[in-house]
Amino acid sequence: MGGGWAKDERDTLPPDSQVSHSETSKLMVTAEPVEFRPVQRVVEAIGTLYGFEEIVISSKVEGRVLRIHHEVADRVPPCEPLFEIDPTDYLLAVDQAESSLQVELSKLGLQAPPNANFDLSKVPTVMLSQARVDNTLSRKERTQRLSADNAASVGDLENAVSEFRTAQADHANQLLIAKSGLATIKLRQAALAVSQQQLADTRVLVPRPHHAVPGGGEMLYVITKRSVSEGTFVRPGGELCKLAIDKTLKLRVPVPERFSAQIQLGQSADVFTAAFAKPFPGTVTLINPSVEPSTRTFEVEIQIANDVGQLKPGSFAKAIIHTSQTEEAPTVPLSALVTFAGVTKVFLSENGKAKEVLVTPGVQTRDWVEIATPALPRGAVVVTSGQSGLANETPVTIRAAASRSAAGVRDSELRK
């Protein structure tokens with residue numbers, strides 16, 4: 001037909017089926033093998049540093065502070081004087097107690113307090129009453145003999161017997177008075193000892209510990225606080241200053257109760273503070289057997305040597321307690337982890353395809369992370385980049401050179 005329709009060219013186009021079933025190109029990724037290495041298990045906790053011993057020094061007597069011998073930050077040995085409280089009233093009290101004791105001693109004719117084996121028959125009043133008993137006894141016996149010979153009347157005999165009984169009663173009374181006098185002497189001795197002790201307590205001394213402090217060497221306290229000034233009136237129990245033994249410190253940290261089976265006495269720990277970049281070595285020396293109900297934690301005490309005094313009591317510190325070690329644990333680079341919506345996974349490269357594996361991370365450092373579960377097989381290769389375009393069974397191609405380059409860049413950045 002002339003001048004008809006133009007020729008339809010659609011039959012020259014490829015069929016639709018040829019486009020939809022074209023071969024999909026593989027996704028280019030980098031990967032690294034799973035590495036097995038020793039992994040140290042740790043428990044981290046945060047707490048406060050305390051002195052090995054921290055003591056509040058209080059006054060045992062009342063009075064005005066007469067003299068202060070040391071200031072804050074001074075290091076003092078045991079028995080060194082710290083404060084002096086005005087002793088005037090206590091000197092007078094000692095004189096009064098001594099005078100009262102002398103009065104009681106003079107009543108018994110004594111010059112010094114007797115010992116526990118003192119013989120009451122040596123007291124002058126008792127000796128006099130005993131002499132009267134002996135005299136009346138002799139008179140009674142003589143009168144009895146005369147009465148038997150009818151040489152003495154009945155009245156004379158009765159008088160002699162009565163005098164003897166009276167002398168006996170007086171002797172017994174003198175013994176009781178002497179015993180009472182001895183008891184009073186002991187009472188006056190105690191009162192004198194109290195007065196002398198109060199006088200001694202006007203000098204406030206550094207206490208002497210009765211147990212050894214770790215580290216050996218000279219035992220010294222450091223004054224961490226002074227609460228009074230010269231002229232301050234203090235009462236019994238009033239705080240004067242605070243002392244601490246800082247040659248060895250104690251870090252007390254609360255640890256969640258789920259770690260109670262992992263923490264053991266003698267375990268080593270690294271202690272970090274804000275003032276120093278390097279950690280200080282410590283040792284677990286005390287584990288509280290009870291759990292605090294309000295926080296569900298138990299207290300762990302770590303001792304840290306502080307010979308040069310770098311650490312200070314009261315400082316904030318973090319402890320990393322070394323609990324156990326696994327000799328061969330599977331680890332992967334940090335870049336291999338993919339976390340989304342609370343799910344953590346990695347992709348393994350197997351037979352040219354990506355295999356998705358849900359994992360539970362374990363110990364982590366700046367370079368790698370342990371895969372706690374599931375157990376990854378030896379020789380497994382984990383994808384370290386390009387995971388955003390991956391799904392399970394996605395075909396992948398590993399760029400070995402790029403993998404090494406990326407690992408080198410990542411290591412250099414971590415070292416920076």
Side-chain angles (χ1 to χ4, degrees), residues 53-70 76-133 168-211 219 221 223 226-228 230-243:
E53 291 291 350
E54 294 187 353
I55 306 168
V56 176
I57 301 297
S58 303
S59 175
K60 294 180 66 176
V61 296
E62 69 175 22
R64 295 194 180 278
V65 177
L66 191 64
R67 184 175 299 173
I68 298 174
H69 290 277
H70 294 281
V76 290
C79 302
E80 178 77 9
L82 293 172
F83 300 90
E84 287 186 23
I85 297 173
D86 188 357
T88 303
D89 293 342
Y90 302 99
L91 287 170
L92 295 174
V94 169
D95 291 341
Q96 185 179 22
E98 288 179 342
S99 298
S100 298
L101 177 60
Q102 290 301 322
V103 168
E104 297 302 327
L105 290 173
S106 63
K107 289 180 180 180
L108 298 182
L110 302 175
Q111 298 296 325
N115 55 32
N117 298 322
F118 179 70
D119 187 3
L120 289 176
S121 64
K122 303 300 182 181
V123 176
T125 55
V126 176
M127 292 174 63
L128 179 60
S129 64
Q130 182 62 49
R132 289 174 181 170
V133 169
Q168 282 184 317
D170 181 63
H171 178 68
N173 184 53
Q174 291 300 325
L175 284 175
L176 291 176
I177 292 174
K179 290 181 180 180
S180 175
L182 287 179
T184 304
I185 288 174
K186 291 182 180 180
L187 180 63
R188 296 291 183 263
Q189 282 182 288
L192 176 60
V194 170
S195 298
Q196 291 172 335
Q197 183 60 53
Q198 289 179 333
L199 177 61
D201 289 338
T202 59
R203 297 181 74 248
V204 182
L205 307 178
V206 178
R208 178 180 294 279
H210 294 286
H211 57 273
M219 174 66 212
Y221 288 87
I223 301 175
R226 176 166 66 86
S227 305
V228 297
E230 290 184 355
T232 302
F233 187 86
V234 296
R235 298 187 181 279
E239 181 181 311
L240 300 177
C241 68
K242 289 184 178 180
L243 304 179

(request) Any chance you could measure Leu205, atom CG, to Leu82, atom CG, to the nearest 0.5 Å? (result) 7.0 Å
(request) Would you sort out whether Gln130 and Val133 count as a side-chain contact (heavy atoms from CB on, under 4.5 Å), showing the intermediate values? (result) CA-CA 5 Å; Gln130 182 62 49; Val133 169; 4.3 Å; yes
(message) In the structure I gave you, are the side-chain heavy atoms of Ser227 and Thr232 within less than 4.5 Å of one another anywhere?
(response) no
(message) Please find the pair of heavy atoms, one from Gln174 and one from Val126, that lie closest to each other, and give the distance.
(response) O-CG2, 3.6 Å
(request) Determine the minimum heavy-atom distance between Thr202 and Pro87, stating which atoms define it. (result) OG1-CB, 3.9 Å
(message) Please find the pair of heavy atoms, one from Ser59 and one from Val234, that lie closest to each other, and give the distance.
(response) OG-CG2, 3.8 Å
(request) Might you point out which heavy atoms bring Val228 and Glu239 nearest each other, and give the distance in Å? (result) CG1-O, 3.7 Å
Quiz: residues 188-200 side-chain donor-acceptor pairs under 3.5 angstrom, not counting sequence neighbours:
| from | atom 1 | to | atom 2 | distance (Å) |
| --- | --- | --- | --- | --- |
| Ser195 | OG | Ala191 | O | 3.1 |
| Gln197 | NE2 | Asp201 | OD1 | 2.9 |

(request) Would you mind reporting whether Pro209 and Met219 have side-chain heavy atoms less than 4.5 Å apart? (result) yes
(request) Enter the distance from Leu175:CG to Thr125:OG1 here, rounded to the nearest 0.5 Å. (result) 8.5 Å
(request) Identify the heavy atoms of Arg226 and Ile68 that sit nearest to each other, and give their distance. (result) NH1-CD1, 3.4 Å
(message) With rounding to the nearest 0.5 angstrom, report the NE2 to CZ distance, His171 to Arg132.
(response) 12.0 Å
(request) Kindly say whether Gly231 contributes a backbone atom to a donor-acceptor pair with the side chain of Arg64 at under 3.5 angstrom? (result) yes
(message) Could you tell me if the side chain of Asp89 sits less than 4.5 Å from the side chain of Val61, heavy atoms only?
(response) no
(request) Please examine the side chains of Leu243 and Pro207, heavy atoms only from C-beta on, and report whether any two atoms are closer than 4.5 Å. (result) yes
(request) Calculate, to the nearest 0.5 Å, the distance between atoms OH and CZ belonging to Tyr221 and Arg208 respectively. (result) 9.5 Å
(message) Are the side chains of Val204 and Ile57 in contact, using a 4.5 Å heavy-atom criterion?
(response) yes
(request) Measure the CZ-CZ distance between Phe83 and Arg67 for me, rounded to the nearest 0.5 Å. (result) 13.5 Å
(request) Would you give the length of the straight line joining atom CG of Leu66 to atom CD of Glu84, rounded to the nearest 0.5 angstrom? (result) 6.0 Å
Scan the side chains in residues 92-105 for donor-acceptor partners under 3.5 Å anywhere in the protein, sequence neighbours excluded, and list what turns up.
| from | atom 1 | to | atom 2 | distance (Å) |
| --- | --- | --- | --- | --- |
| Ser99 | OG | Asp95 | O | 3.0 |
| Ser100 | OG | Gln96 | O | 3.1 |

(message) Quick check: closest heavy atoms across Ser129 and Asp170, and the distance to 0.1 Å?
(response) CB-OD2, 3.5 Å
